[in-house]
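Position 1 is the first residue of the sequence; numbering continues from there. All values below were derived from every heavy atom in this structure, side-chain atoms included, with hydrogens, water molecules and symmetry-related copies excluded.
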Amino acid sequence: MADQMTPLNVAILAVPEVTASALYGMVDLFSSPGRDFQFITHGVAGDQRMRPYVVARDANRFRAANSVWVHPDHTLTDCPRPDIVCIPDFFVNPGESVAGQYEPEARWLKRAHEEGALLASACSGAVLLGEAGLLTNREATIHWGYVDTLTNNYPGVKVKAESSLVLSGEAHRIVMAGGGSSWQDLALYLIARFVGLREAIEVARVYILQWHDLGQQPFATLARSRQTSDAVIKQSQQWAESNFRKPAPVASMARLSGLPERSFARRFSKATGMKALDYVHALRLEEAKWLLETSDEAVEAIANDVGYEDSSFFGRLFRRKVGITPMQYRLRFGSLRRAVQKE
């Protein structure tokens, strides 16, 4: 934990593709411990326990991915030695390699880690940990849409896409948060670990933050599109997207392909990384999630609508693949529709 008189140095790494909301949101949250709760409850700011600063390749200001101006506080060569380094998410094409694009940042991250700093990434920021060679044969997490970016480009990485927070490396000095606003979970975890649980709870109360204990699984798209050059399999996928409700869809896909069922099954798996039946289940469950979000239709009726005659089987499958029951999903994700309908 931080010394009462010496704030922890928290370097927040910025690249031109960075998401400004995460970058400066981290600055806000790491500036808060010890200071803001005291100000709100007693009218006098307390002593700041962490000192965040923005670090970039050079000192020139630049526009972030969403056109917000970023003004680095320090460069990679002149920044104070960090206790913690945070890497916010940045825009990278899912699945593609960024090899060679961030060599100065990768070298700096590796050196900071060797000198004892804890490295923490949010969402796609984990890609820079991979570029620094720090994910080889280690567990990791990243936004569910970027799983292929890690698995395709960094040897031996074991992605736990269902997890919102993964601790890895010696003494757990590599911490990764999953997608979207999980940078908030990351910040709260680091505050609790290095400053104290009480301070983390106070920051959560000041900013009205909620810990995402469900992880990423309920948010993920199950039927992630995987590009394939196999025209036969691509045709069967396109057919399934419109016909997944029909009985025995895999047999129909095989007939459409002109291949024997076993040959079709092997070829589909090779081309997409999924079994054909799992692909159909994914399409059906995505439609079910949409209906749960946007309608009051009974769960049994939704099961039938998407192609399942047995609603009990549908419920078990939904929980296994999504992580929560259909009713729990509706309660959590149907709230936006209910709020709009009140207008």
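- A heavy-atom distance below 4.5 Å is found between the side chains of Arg81 and Glu115.
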Could you go through residues 243-252 and list every donor-acceptor pair under 3.5 Å that involves a side-chain atom there, pairing it with any protein atom two or more places apart or in another chain?
{"residue": "Asn243", "atom": "OD1", "partner": "Lys246", "partner atom": "NZ", "Å": "2.9"}
{"residue": "Asn243", "atom": "ND2", "partner": "Trp239", "partner atom": "O", "Å": "2.8"}
{"residue": "Arg245", "atom": "NE", "partner": "Asp305", "partner atom": "O", "Å": "3.2"}
{"residue": "Arg245", "atom": "NH2", "partner": "Glu287", "partner atom": "OE2", "Å": "3.3"}
{"residue": "Ser252", "atom": "OG", "partner": "Ala248", "partner atom": "O", "Å": "3.4"}
{"residue": "Ser252", "atom": "OG", "partner": "Arg255", "partner atom": "NH2", "Å": "3.1"}

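- Of all the heavy atoms in Ser236 and Met253, the pair that sits closest is O-CE, 3.9 Å.
- Although no hydrogens or angles enter the test, the distance criterion places a donor-acceptor pair under 3.5 Å between the side chain of Asp83 and the main chain of Asn9.
- Put simply, the side chain of Ile302 does not reach to within 4.5 Å of the side chain of Tyr308, judged on heavy atoms.
- Glu293 and Lys289 are not joined by a salt bridge, as no carboxylate oxygen comes within less than 4.0 angstrom of a charged side-chain nitrogen.
- Ile191 CD1 to Leu29 CG: the interatomic distance, rounded to the nearest 0.5 Å, is 6.0 Å.
- The distance from the CG atom of Asn66 to the CG atom of Leu23 is 10.0 Å, given to the nearest 0.5 Å.
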**Item:** Working for side-chain contact (heavy atoms from CB on, under 4.5 Å), residues Ser182 and Thr141
**Value:** CA-CA 11 Å; Ser182 64; Thr141 193; over 6 Å; no
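- Inter-residue side-chain proximity for Gln101 and Val92 is flagged as unmet; no heavy-atom pair is nearer than 4.5 Å.
- The environment of Arg63 atom CZ is dense: over 12 non-hydrogen atoms of other residues, nucleotides or ligands sit within 6.0 angstrom.
- Counting heavy atoms from C-beta outward, Phe194 and Ile84 have side chains that approach closer than 4.5 Å.
- The minimum heavy-atom distance linking Arg111 with Leu76 is given by the pair NH2-O, 3.9 Å.
- Phe30 is listed as a side-chain neighbour of Cys86, based on a closest heavy-atom distance under 4.5 Å.
- Taking every heavy atom of both residues into account, Met176 and Leu135 meet most closely at SD-CD2, 3.8 Å.
- Linking Ile, Leu, Val, Met, Phe, Trp and Tyr residues whenever their side-chain heavy atoms come within less than 4.5 Å leaves Phe91 and Val54 in two separate clusters.
- Note: Gln328 CD to Leu292 CG = 11.5 Å, rounded to the nearest 0.5 Å.
- Here the side chains of Met26 and Leu186 are in contact, with some heavy-atom distance below 4.5 Å.
- Residues passing the side chain to side chain contact (heavy atoms under 4.5 Å, CB included) test with Val206, sequence neighbours excluded: Asp36, Phe37, Ile40.
- A distance of 9.0 Å separates OG in Ser269 from CZ in Phe264, rounded to the nearest 0.5 Å.
- Side-chain atoms of Arg138 never come within 3.5 Å of backbone atoms of Gly156 as a donor-acceptor pair (strictly under, hydrogens ignored).
- Formation of a donor-acceptor pair under 3.5 Å by the Ser168 side chain with backbone atoms of Glu139 is found in this model.
- Taking the six-membered ring for Trp and the full ring otherwise, Phe90 and Tyr102 have centroids separated by under 6.0 Å.
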**Message:** Let's go through Leu118 and Leu190 carefully: what are the C-alpha distance in whole Å and the side-chain angles of both, what is the deciding distance for side-chain contact (heavy atoms from CB on, under 4.5 Å) to 0.1 Å, and is it a yes or a no?
**Reply:** CA-CA 10 Å; Leu118 178 142; Leu190 293 173; 3.7 Å; yes
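- Applying the side chain to side chain contact (heavy atoms under 4.5 Å, CB included) test to Asp78 and every residue at least two apart in sequence or in another chain returns His74, Thr75.
- Partners of Glu131 according to the salt bridge (charged side-chain N to carboxylate O under 4.0 Å, His left out) rule, which considers only residues two or more places apart in sequence or in another chain, do not exist here.
- Not a single side chain to side chain contact (heavy atoms under 4.5 Å, CB included) links Ala265 to another residue, sequence neighbours left out.
- Closest non-hydrogen pair, Pro88 versus Ala22, comes out as CB-CB, 4.0 Å.
- Residues Leu128 and Ser121 fail the side-chain proximity criterion, which asks for heavy atoms closer than 4.5 Å.
- Between Ser124 and His143 the shortest side-chain heavy-atom distance does not fall below 4.5 Å.
- Between the side chain of Arg284 and the backbone N or O of Val306 there is at least one donor-acceptor pair closer than 3.5 Å.
- Note: Gln237 CD to Leu283 CG = 8.5 Å, rounded to the nearest 0.5 Å.
- Listed here is the closest heavy atom pair of Arg173 and His113: NH1-O, 2.9 Å.
- Under the rule for a side chain to side chain contact (heavy atoms under 4.5 Å, CB included), the partners of Ala11 that lie at least two apart in sequence or sit in another chain are Tyr53, Val55, Pro82, Val85, Trp108.
- Heavy-atom neighbours of Phe313 CZ from other residues, nucleotides or ligands within 6.0 Å: above the threshold of 12.
- Atom CD of Glu170 has 12 or fewer neighbouring heavy atoms from other residues, nucleotides or ligands inside a 6.0 Å radius.
- The structure places CD1 of Ile324 at 12.5 Å from CZ of Arg330, a figure rounded to the nearest 0.5 Å.
- Residues His71 and Tyr24 keep their aromatic ring centres 6.0 Å or farther apart.
- Thr136 and Gly133 get closest at one heavy-atom pair: OG1-O, 4.0 Å.
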**Asked** Stepwise, does the side-chain contact (heavy atoms from CB on, under 4.5 Å) test hold for Tyr154 with Val127?
**Response** CA-CA 9 Å; Tyr154 307 109; Val127 171; 3.4 Å; yes
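- Linking ILVMFWY residues whenever their side-chain heavy atoms come closer than 4.5 Å, directly or via other members, places Leu256 and Leu277 in the same cluster.
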**Prompt:** Is there a side-chain contact (heavy atoms from CB on, under 4.5 Å) between Val299 and Phe318 once you walk through the steps?
**Reply:** CA-CA 11 Å; Val299 171; Phe318 191 98; over 6 Å; no
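- Checking side-chain atoms of Thr272 against main-chain N and O of Met274 turns up a donor-acceptor pair under 3.5 Å.
- Taking hydrophobic clusters as Ile, Leu, Val, Met, Phe, Trp and Tyr residues chained together by side-chain heavy-atom distances below 4.5 Å, Met327 shares a cluster with Leu291.
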